[in-house]
Amino acid sequence: MRIVFNLIFAAFLACAAALVTADEYKDVHAALESRVSGILDRMSVELTPAERIALTPDTAARFFTESEREFLGTAFSHFEVDRKAEIHVAFDASYGETPFWLADQGFTRSKDLDFIVDEEDPYHVWSKQVSAGDVRLGVPSLSGELKPYLVFASPVEGRQLVTITPRTPGVDVQLAKIGDRPFIDDNDYFNTLPKALVGQPVLRSYESWELVSRFVGYFRETRYPSSPRPDHLQLTWQGDPATSATVQWRTDNSVDQGLLWVAPKAEFLTQGKMGGRKGAERKSARVTELRSRQVVNDPLVHLHRVALENLRPATDYLYAVSADNGKSWTDPRGFRTAAATPSEPFSFVYLGDPQNGLDRWGQLIRQADFDFPHARFYMIAGDLIDHGQEQDNWDQFFHEGSSVFGRSMVVPALGNHDSHGGHPTLYLKQFALPDNGSEMLDPGRTYHVSYQDLLVVVMDSNYHLVEPELQINWLDRVLGESDARWKVVIYHHPFYASREGRDNKSIRDAWGPVFDKHNVDIAFQGHDHAYMRTVPMRGHEPAVEGEQGTIYLVAVSGTKMYEQDLPEFAAFGAVNTSTYQVIDVDPLSGLLQYRAIDDRGNLVDAFSLRKPVHNAQAGR
């Protein structure tokens with residue numbers, strides 16, 4: 001009878017978990033986050049910058065008032081048990097932090113129940129007996145370093161399983177088993193489990209909730225603070241690449257007005273430097289404030305943005321910016337507009353995750369810029385930085401990238417680290433992107449750009465935060481309405497992972513049929529920190545000879561690397577290799593050539609595609 005009960009219980013839990021959607025849990029900790037924010041505000045006032053930087057879990061806990069400590073000790077996890085039970089809280093001990101509230105609530109250490117997750121993460125267990133009814137537990141950590149703890153429940157009397165009823169939206173309950181995943185949204189797995197916990201219910205939550213109560217390490221210093229001098233120049237598109245460009249730069253908050261001049265390069269050079277500058281068109285920038293409570297040495301900066309319109313197609317332009325009303329200017333930088341018709345060969349660069357080692361990444365893209373100075377734009381497949389909620393991470397990204405992105409447009413896609421489990425506020429504030437994406441999502445999370453005979457569709461693959469289905473109708477319409485010869489997509493999480501356990505079935509099932517329907521040529525992806533290229537795929541199988549298929553690419557441009565176990569349909573793979581990819585498109589011959597190049601300048605991979613011009617293009 002107990003076996004039958006366990007099977008029914010497990011089936012019920014699986015069905016319940018399947019009903020969870022991102023929208024149902026995105027605001028689940030709103031009250032906790034508001035209280036944490038209030039404490040951070042108080043720290044900003046009552047502690048010096050040095051004290052804020054030096055916070056530890058112990059000093060942070062001592063800073064709390066009695067009511068704050070009580071609230072944080074009960075505000076994260078809420079559930080009920082149907083009988084007297086032994087509650088076991090398990091957390092990653094590798095960071096040296098033990099949740100402060102465990103001792104406050106009377107939990108004691110249970111060393112005999114410790115286990116391993118993801119091959120090397122030691123999980124410590126603390127236990128306590130509770131009566132039937134309501135149970136409330138505290139925040140995962142004060143540092144944001146610990147993934148949310150796991151909660152097991154075992155019966156105090158008898159052998160019948162304890163029933164855990166979650167009261168925190170979005171979480172689920174599974175029966176613990178070696179090899180299963182301890183988090184709903186992460187690929188970690190149980191390597192070991194003590195016999196006493198195997199088969200017992202375990203309450204799971206989301207790895208992305210780890211930063212909900214971060215105090216230690218929240219306050220930071222940027223190595224690249226703003227100043228009155230313009231820096232962090234970047235180019236993006238918000239409109240037609242043939243007739244528009246958007247220029248953005250940064251100053252400190254002492255500069256309330258920025259200026260830009262722009263002129264066709266040929267006319268500027270013909271008139272000479274002084275004459276060309278006098279004849280150039282001047283534009284005033286729109287200024288927005290970027291505030292960061294985190295950054296103690298640069299809490300307020302100004303972003304200056306100019307949207308250039310009515311530019312001439314297929315024309316080289318020069319521009320410069322000023323922070324002192326035109327008394328001095330930055331050195332001129334150049335860019336080229338797209339041709340109005342598919343008549344001009346062009347190149348662009350694709351990058352996998354920068355994320356870590358941004359100084360080395362900066363060297364890589366400067367190498368790409370040196371070797372391919374005429375690349376019109378750089379596409380980045382997400383995880384531009386490691387901690388998307390931290391402004392100093394973005395400061396380093398723009399410091400390293402500005403010398404390239406001030407001359408070639410940047411076309412970013414949103415990765416999981418760019419929002420780090422929350423809203424991608426800093427990402428969206430710092431990129432001026434087209435407002436033509438899915439109406440179901442924030443502007444800038446999805447968008448599309450048409451560059452001559454190439455359609456680029458940028459998607460948000462963070463399916464634990466936004467359902468992939470929200471983008472299907474928009475994706476189908478954008479691909480269907482375009483008569484571009486080449487149709488490519490870029491997003492972060494790969495359809496086909498380069499090793500087992502990192503697959504992303506939900507986006508593959510949602511978007512794959514649309515890719516096939518509209519004959520998408522290439523999918524540019526990231527996330528797996530290795531290099532992989534598939535054979536052309538259709539219907540999740542290798543395309544048969546003579547059939548249109550999509551080539552799926554995974555790459556990494558930073559220094560964080562993963563192992564690889566290639567699927568059978570992989571055409572090529574490489575590990576421990578930072579690369580950039582240059583794609584040459586010739587509209588006249590219908591040839592697309594692709595090359596992957598490593599950080600030593602070696603050719604890693606290459607392929608080419610050819611398509612004849614079709615009637616819609618010929619009539620342009």
Side-chain angles (χ1 to χ4, degrees), residues 117-120 179-191 206-208 350-356 379-384 386 413-418 421 459-468 471 488-516 520 522-543 549-579 581 596 604-605 607:
V117 168
D118 206 29
E119 299 185 1
E120 60 183 9
D180 279 1
R181 297 181 179 184
F183 301 101
I184 299 171
D185 63 338
D186 192 78
N187 295 314
D188 290 355
Y189 60 95
F190 292 113
N191 288 98
Y206 297 86
E207 183 268 344
S208 57
Y350 147 58
L351 299 169
D353 307 30
Q355 189 177 348
N356 299 94
M379 301 197 311
I380 310 177
D383 279 5
L384 283 63
D386 195 32
L414 185 61
N416 54 298
H417 279 269
D418 300 321
M459 307 183 69
D460 184 349
S461 64
N462 290 283
Y463 56 91
H464 296 299
L465 298 175
V466 294
E467 296 92 334
Q471 299 167 62
V488 303
V489 293
I490 181 168
Y491 50 88
H492 184 60
H493 299 80
F495 268 30
Y496 307 104
S498 59
R499 68 182 172 102
E500 189 176 358
R502 294 186 60 82
D503 217 15
N504 299 288
K505 185 175 184 297
S506 62
I507 60 171
R508 184 171 66 244
D509 290 348
W511 300 346
V514 187
F515 291 1
D516 291 345
V520 169
I522 303 174
F524 298 99
Q525 309 164 119
H527 192 57
D528 275 359
H529 298 274
Y531 181 87
M532 184 186 74
R533 171 170 58 91
T534 72
V535 301
M537 301 289 290
R538 191 172 189 87
H540 310 315
E541 299 286 344
T550 302
I551 295 173
Y552 292 86
L553 298 164
V554 175
V556 56
S557 58
T559 58
K560 180 180 179 180
M561 300 293 169
Y562 288 167
E563 293 301 315
Q564 187 177 68
D565 184 14
L566 291 174
E568 293 182 358
F569 48 78
F572 182 79
V575 295
N576 299 319
T577 306
S578 299
T579 61
Q581 289 66 225
V604 174
D605 187 26
F607 67 88

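Predicted, not measured: the structure shown is a model, and the values here were computed from it.
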### Message
Just so I know, are the side chains of Arg508 and Tyr496 near enough to count as touching, which here means a heavy-atom distance under 4.5 Å?
### Response
yes
### Task
Report yes if the distance between the aromatic ring centroids of Phe495 and Phe515 is under 6.0 Å, otherwise no.
yes
### Query
Hey, is the main chain of His527 close enough, under 3.5 Å, to the side chain of Asp353 for a donor-acceptor pair?
yes
### Message
If we count only N and O atoms by modelled type, under 3.5 Å, do the side chains of His492 and Asn416 hold a donor and an acceptor together?
### Response
yes
### Task
Find out whether Tyr562 and Val556 are in side-chain contact, i.e. whether some heavy atom of one side chain is under 4.5 Å from a heavy atom of the other.
no
#### Entry: Nearest-0.5 Å distance, CG of residue Asn504 to CG of residue Asp528
7.5 Å
### Query
Just one of Tyr350, Tyr552, Tyr491 clears the ring pair (Phe, Tyr, Trp, His ring centres under 6.0 Å) bar with Phe524, so which one?
Tyr350
### Query
Rounded to the nearest 0.5 Å, how far apart are CG of Asn356 and OG1 of Thr559?
5.5 Å
### Task
Give a yes or no on whether the backbone of Asn191 and the side-chain of Glu119 come within a donor-acceptor separation of less than 3.5 Å.
no
### Query
Are any non-hydrogen side-chain atoms of Met532 and Pro567 less than 4.5 angstrom apart?
yes
### Query
For the atom pair CG (Leu553) and CD (Gln581), what is the distance rounded to the nearest 0.5 Å?
7.5 Å
### Message
Could you check whether any side-chain heavy atom of Ser578 comes within less than 4.5 Å of a side-chain heavy atom of Met561, counting everything from C-beta outward?
### Response
yes
